[in-house]
K.L.:
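I'd like to ask some things about the structure below.
Reminder, nothing fancy here: chain letters follow the sequence lines and each chain counts from 1. What you see is a predicted model; the values in this text were computed from it and never measured.
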Amino acid sequence: MSDERENSGYHPEQVESKWRERWKQRGTNAPDLDRPGSEPFYNLMMFPYPSAEGLHVGNMFAFTGSDVFGRYQRLRGKTVFEPIGYDAFGIHSENFAIKMGIHPGELIPRNIANFRRQLERVGGMFDWRHTVDTTDPSYYKWTQWLFLQLYKAGKAYKKKAAVNWCPTDKTVLANEQVEGGLCERCKTPVEQRVLEQWFFKITDYAGRLLDNIDGLDWSDSTRGAQRNWIGRSEGAEVDFPSPAGTLRVYTTRPDTIFGATFMVLAPEHPFIDALTTPVQRGAVDAYRAEALKTDLVARRTGEKSKTGVFTGGFAINPATGTPIPVWIADYVLMEYGTGAIMAVPGHDERDFAFATKFALPIIRVIAAPGESASTPLTEAHHGHGVLVNSGPFDGVSTAEAPRKVTSWLKAKGAGEGKTLYRLHDWCISRQRYWGPPIPIIYCEACGPQPVPEQDLPVVLPPIEDFRPDDSGVSPLARHREWYHVACPKCGKQGRRETDVSDTFLDSAWYFLRYPSTEFTDRPFDKERTKRWLPVATYIGGNEHAVLHLLYARFITMVLKDLGHLEFEEPFLRFRAHGMIVKDGAKMSKSRGNVVIPDEYINKWGADTFRTYLMFLGPLGDGGDFRDDSVSGPRRFLERMWLLVGDAGDVSVGPGVPPGLLAKWHRAKQRATEGMESLRYNTAIAALMELLNAVKDEGAHPRALVDEMIVMLAPFAPHFAEECWERMGHATSVFDARWPAFDPALLIESTVEIVIQVNGKVRSKLTVARDADEATVLAAALVDGATKKFLAGREPKKRIYVPGRLVNLVV
RNA sequence: GCUCGGGUGGCGAAAUUGGCAGACGCAGCGGACUUAAAAUCCGCAGGGGCUCACGCCCCGUGGGGGUUCGAUCCCCUCCCCGAGCACCA
């Protein structure tokens, strides 16, 4: 099956196994991290979850895309550190183990061995001395250490909270892992449960996480997703006196307060009982019971028509001094702001819908140009304008009204400006088996105690029955010898925390570990970290644009504040790769359109496969996998192989035809631009064009062939090494330098000028590169084809773009 | 609904970001080599029309409008696809 194309003498499997072996012997891909010979460049790709199926084409695409960049940087003279590892803890692995009836502790090492084989085969420039496996105690020892640092700094805390519970996975999910009310993993509707959970105070960092985004070299979409997730709102908290006490609301539009005609509380709001009048008691209780029965998620995803009930109570609008009715409704959420709002039906859609349904008064307080205080409102109006019906603020523009009203309210002691974030604290507890145990010991006398650092790691005990159950308690609680442990403070019997931590914690710091894997007494060495971090370029999937990147940034920030790091942003440059689809659809086992990369590598070779994947389109776009297109890149390599054979021949002349010289330099320029912008498809196209030009010109100077091999090396590394050797070089092609282009040589000595008449191309002229305007125009006017279209008319206007075109307007 | 991407031949795509639209590659067609096929090499190739022919004309980057000597690129408007967020006050 492998090789029908015998003519060229190129045999991928021989070339690739030879160079895999050679690289290992020479240590080609293992830079000296303490004495890098040149500028260090940390090239990171998102580490894979080692599934039983092995690497799929999407992984290959992503890793190759990143590897090509690393190899390019190396050719630019950097010392490149390119590690890879395995993100092997977590529900994903555990569920698969349950399904197969195999213990994850047995399954995962098998999968990892298979992944490693595949990763080596595809030709990644990986430094295998520095790899991580998050399930290895020598790794998760430091994940636990990390937890302790946050705990000691008061950034980790335990609280009873209504949390998202997945009844299928039988565990708590972070808010981020719930999509539209469903578990993102198994699509089961999520329930609310009140459990004691560990949280990280990521909300303390919301402002910094948001502000720093501006300075990051990340793609706009990723930055947007992060901003969106953190969700900053600028507004004010305002106090409304009521019989039950001061009702505080949050609003982003304090300037509309004169139009607040009623208030709405979340059904969980603590003031409801005190505000409810005897007459309304029955209705209120019924509504609350109904609302609380429907869990938070269902409330969010349910239909949007408004429901609610009047408490019978009133509060005073501090701006107008008028009593306004207080309602409860489930469209107000207890977890955001204060769980209470002032309703301004004239200028908020939801309040408008509510007021319309329950016949509550609607007052206009903003008038756009052409409107007045009495123009009727047929819908909520949230445009700009000036304030009306707003007492002392009538006529103030909406641009400055929020600020003015806020300070007026503040002076009255009725409120203050307030910035709010939508980000919630990060719940890291998981009631599961396959994760790092959270290093806490509970003692009757001393309370929760951190496990002393010298006792780390708290090793995950190998228990037979690792299945989760409905109790809300981790299976670890069933392992009695492990569970009971002496209190580190008083020595009396205590018990271990049985929750394990979220997989996202494992991956929130792995990039810090890579350069320091040989240090067993510290998570990351100061010197190594200083030399290699932050990460120069990080390439990964957009599915991690929010969670993983946000958590990694947060952990880095905390470690900086605690004095362990000198930087607070871990990834200077991040680019998301696209997705590989097959026949327009996402690959999945159920669709039966999964591409197994091993088969393609067997058939075409890793070099062809890599080149094909990168030729598909820009890295960020992904692409549609088509079997029949792989032959193009393979043919290109074959022709290149033959060219190298010719160039090795003594008959190769030194002369470079002038036409070829410009094309040569142009190809170098385009290849360089393609590499820098991760549009590798254009870089490969430039090399193909150059090869075509070489054929057409019938000249193949040695220097040109050498440079082509270097430029091809990131895509087809084994192939390039072999060609390089055949050209007589004794060292690795990756010790060569990426070729420079000479801008002066980009332009050919003559240029073709397009002649347009009235903007339409009518003729072409070949003139000297440095011909001046008068000469070109004169030549254009006597040109036969041009004359025909001018039809004797005198041009009214003559446009000349040097080196490009002439446009004659008649 | 809001935010961010996109929309170019049969297909993947390119276009020095206002200057010859479709480079490069796949698939296709014609030819050479071959007993034949595969592989390889040479040539053609956006669509439509006129011409015996060399050639020539018109249309064309989701639709419509605008700016400009000139628009795939800038502006307005609408449609469609993808991703994220979504009763966040």
K.L.:
Please give the distance between the P atoms of rC74(B) and rG5(B) as a whole number of Å.
P.N.:
12 Å

K.L.:
With a 4.0 Å cutoff (strictly under), does any side-chain N or O of N692(A) reach OP1 or OP2 of rG25(B)?
P.N.:
yes

K.L.:
If you write RNA chain B from 5' to 3' in dot-bracket form, with Watson-Crick or G-U pairs under 3.5 Å, [ ] for crossing pairs and | for pairs with another strand, what do you get?
P.N.:
(((((((..(((......[....))).(((((.......))))).(((((....)))))..(((((..]....))))))))))))....

K.L.:
Does F625(A) form a ring pair (Phe, Tyr, Trp, His ring centres under 6.0 Å) with F61(A)? I'd like the steps, not just the answer.
P.N.:
CA-CA 11 Å; F625(A) 191 93; F61(A) 178 72; over 10 Å; no

K.L.:
Report the residue (T251(A) or S221(A)) whose heavy-atom-nearest nucleotide on RNA chain B is the more 5′ of the two.
P.N.:
S221(A)

K.L.:
Validate the cation-pi geometry between K418(A) and Y250(A): distance from NZ or CZ to the six-membered ring centre under 6.0 Å, angle to the ring axis within 45°.
P.N.:
no

K.L.:
Is the phosphate of rA27(B), meaning OP1 or OP2, less than 4.0 Å from a side-chain N or O of R635(A)?
P.N.:
yes

K.L.:
Nearest nucleotide by nearest heavy atom, which residue falls closer to the 5' end of RNA chain B, T338(A) or D628(A)?
P.N.:
D628(A)

K.L.:
Tabulate protein N/O versus nucleotide N/O from nucleotides 11-15 of chain B, keeping only pairs under 3.5 Å, one per line.
P.N.:
{"residue": "rG12(B)", "atom": "O2'", "partner": "L616(A)", "partner atom": "O", "Å": "2.6"}
{"residue": "rA13(B)", "atom": "O3'", "partner": "N681(A)", "partner atom": "ND2", "Å": "3.2"}
{"residue": "rA14(B)", "atom": "OP1", "partner": "N681(A)", "partner atom": "ND2", "Å": "3.0"}

K.L.:
If the glycosidic angle is within 90 degrees of 0 it's syn, otherwise anti, so just tell me which one rG10(B) is.
P.N.:
anti

K.L.:
Check the side chains of Q226(A) and R223(A) for a donor-acceptor pair under 3.5 angstrom, ignoring hydrogens and angles.
P.N.:
no

K.L.:
Looking only at atom types and distance, does a side-chain atom of T222(A) sit under 3.5 Å from a main-chain N or O of W218(A), one as donor and one as acceptor?
P.N.:
no

K.L.:
For residues 681-690 of chain A, which residue pairs qualify under side-chain hydrogen bond (donor to acceptor under 3.5 Å, both in side chains), counting only residues two or more places apart or in two chains?
P.N.:
R670(A)-E689(A)

K.L.:
Any ion pair linking E416(A) and R248(A) (charged N to carboxylate O, less than 4.0 Å)?
P.N.:
yes

K.L.:
Can you measure R253(A) atom CZ to rC87(B) atom P for me and round it to whole angstrom units?
P.N.:
20 Å

K.L.:
Taking the side chain as C-beta and beyond, is there a heavy-atom pair between L619(A) and R575(A) under 4.5 Å?
P.N.:
no

K.L.:
Using only side-chain N and O atoms of R639(A), determine if any of them is under 4.0 Å from OP1 or OP2 of rU40(B).
P.N.:
no

K.L.:
In whole angstroms, how far is the P atom of rG25(B) from the CZ atom of F715(A)?
P.N.:
15 Å

K.L.:
Taking the six-membered ring for Trp, is the centroid-to-centroid distance between F715(A) and F615(A) below 6.0 Å?
P.N.:
no

K.L.:
Should D214(A) and R227(A) count as an ion pair when the cut-off is N to O under 4.0 Å?
P.N.:
yes

K.L.:
Choosing from rA23(B), rA89(B), rC87(B), which nucleotide comes nearest the side chain of S233(A)?
P.N.:
rA89(B)

K.L.:
For a quick test of reading the model: is some side-chain N or O of Y331(A) closer than 4.0 Å to OP1 or OP2 of rA89(B)?
P.N.:
no

